[in-house]
Amino acid sequence: QMQLVESGGGLVQAGGSLRLSCTASGRNFNGYSMGWFRQAPGKEREFVAAINRSGGNPYYADSVKGRFTISRDNAKSTVYLQMNSLKPEDTAVYYCAARSGDYSITATYNYWGQGTQVTVSS
């Protein structure tokens, strides 16, 4: 089993920034691609960003491209999501997830965190 713990969520005004962190334990972090997903009230969970095992080839949803940056530090077993120019429509619970092998934009991940709330006020 792998445990994933997110942190860094909160309340921010539109145009502001937040950095989410997700720290893994229990499995070899280096062996997993990592993704961030989000779920707003009344909506389905949606893909936000993903990164491969070595930290290369990041991929983003069109809605966040150019504003969000995913990165990872394998020495710290942590993946990050830097979110800039936040908009009210970015309000959601953000989840990190780990997937053996290549990353995916679908929710076919092996392990999930409990989520962290991000609220962007207008």
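Sequence positions, counted from 1, serve as the residue numbers for this chain.
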Ignoring hydrogens and angles, tell me if any N or O in the side chain of Asn74 forms a donor-acceptor pair with the backbone of Ser77 under 3.5 Å.
no
Answer with yes or no whether the hydrophobic clustering places Ile51 together with Leu20; edges join I, L, V, M, F, W, Y residues whose side-chain heavy atoms lie under 4.5 Å apart.
yes
Rounded to the nearest 0.5 Å, what separation is found between the OG1 atom of Thr91 and the CD atom of Glu89?
8.5 Å
Rounding to 0.5 Å, atoms OG (Ser33) and CG (Asp102) come to a distance of 6.0 Å
Give a yes or no on whether Tyr111 atom OH has more than 12 heavy-atom contacts from other residues, nucleotides or ligands under 6.0 Å away.
yes
Is there a chain of hydrophobic side chains (I, L, V, M, F, W, Y, each step under 4.5 Å between heavy atoms) that links Trp36 to Tyr60?
yes
Assess the residue pair Phe68 and Asn84 against the criterion (side chain to side chain contact (heavy atoms under 4.5 Å, CB included)); give the C-alpha distance rounded to whole Å, side-chain angles, the decisive distance to 0.1 Å, and a yes or no.
CA-CA 6 Å; Phe68 290 11; Asn84 298 330; over 6 Å; no
Quick one: are Ser17 and Met83 in side-chain contact, heavy atoms under 4.5 Å?
no
Please evaluate residues Thr119 and Val12 with respect to the criterion side chain to side chain contact (heavy atoms under 4.5 Å, CB included), reporting the C-alpha separation (whole Å), side-chain torsions for both, the decisive distance (0.1 Å), and the verdict.
CA-CA 6 Å; Thr119 303; Val12 64; over 6 Å; no
Check whether any side-chain heavy atom of Trp112 lies under 4.5 Å from a side-chain heavy atom of Arg45, and answer yes or no.
yes
Establish whether Met34 and Ile105 are linked, either directly or via other cluster members, by ILVMFWY side-chain heavy-atom contacts under 4.5 Å.
no
Ser25 side, atom OG; Gln3 side, atom CD - distance, nearest 0.5 Å:
4.5 Å
Looking at every heavy atom in both Arg38 and Val64, which two are closest together, and how far apart are they?
NH1-CG1, 4.0 Å
Joint hydrophobic cluster, Val79 plus Leu4, side-chain heavy atoms closer than 4.5 Å:
yes
Are Phe47 and Ile70 connected in a single hydrophobic cluster, I mean Ile/Leu/Val/Met/Phe/Trp/Tyr linked by side-chain heavy atoms less than 4.5 Å apart?
no
Can you name the nearest heavy-atom pair linking Asn57 to Tyr103, along with the distance?
O-OH, 2.9 Å
Could you report the tightest heavy-atom contact between Arg72 and Tyr32, atom names first, then the distance?
NH1-O, 2.8 Å
Has Ser21 got a side-chain atom pairing as donor or acceptor with Ser7's backbone, closer than 3.5 angstrom?
no
Supply the atom-to-atom distance Ser100 OG to Asn110 CG, rounded to the nearest 0.5 angstrom.
4.0 Å
Checking Glu6 side chain against Gly115 main chain: does a donor-acceptor pair fall under 3.5 Å?
yes
Shortest non-hydrogen contact from Ala92 toward Gln117
O-NE2, 3.4 Å
If you draw the axis of the six-membered ring of Tyr80, does the NZ or CZ of Arg19 fall within 45° of it and under 6.0 Å from the ring centre?
yes
More than 12 foreign heavy atoms under 6.0 Å from NZ of Lys43: is that the case here?
no
Tyr95-Phe37 aromatic ring centre distance below 6.0 Å:
no
Any carboxylate oxygen within less than 4.0 angstrom of a Lys/Arg side-chain nitrogen, looking at Asp90 and Lys87?
no
Approximate separation, where rounding is to 0.5 Å, of Met2 CE and Phe29 CZ:
7.0 Å
Residue pair Ala49 / Leu81: nearest heavy atoms and the distance that separates them:
CB-CD1, 4.2 Å
Between Thr78 (side chain) and Lys76 (backbone), is there a donor-acceptor pair under 3.5 Å?
yes
Write down the atom of Ser122, the atom of Pro88, and the distance for their closest heavy-atom approach.
CB-CG, 3.8 Å
Is it true that a side-chain atom of Tyr109 and a backbone atom of Ser104 form a donor plus acceptor pair closer than 3.5 Å?
yes
Return yes if some donor-acceptor pair links the side-chain N/O of Thr116 with the main-chain N/O of Gly9 below 3.5 Å, else return no.
yes
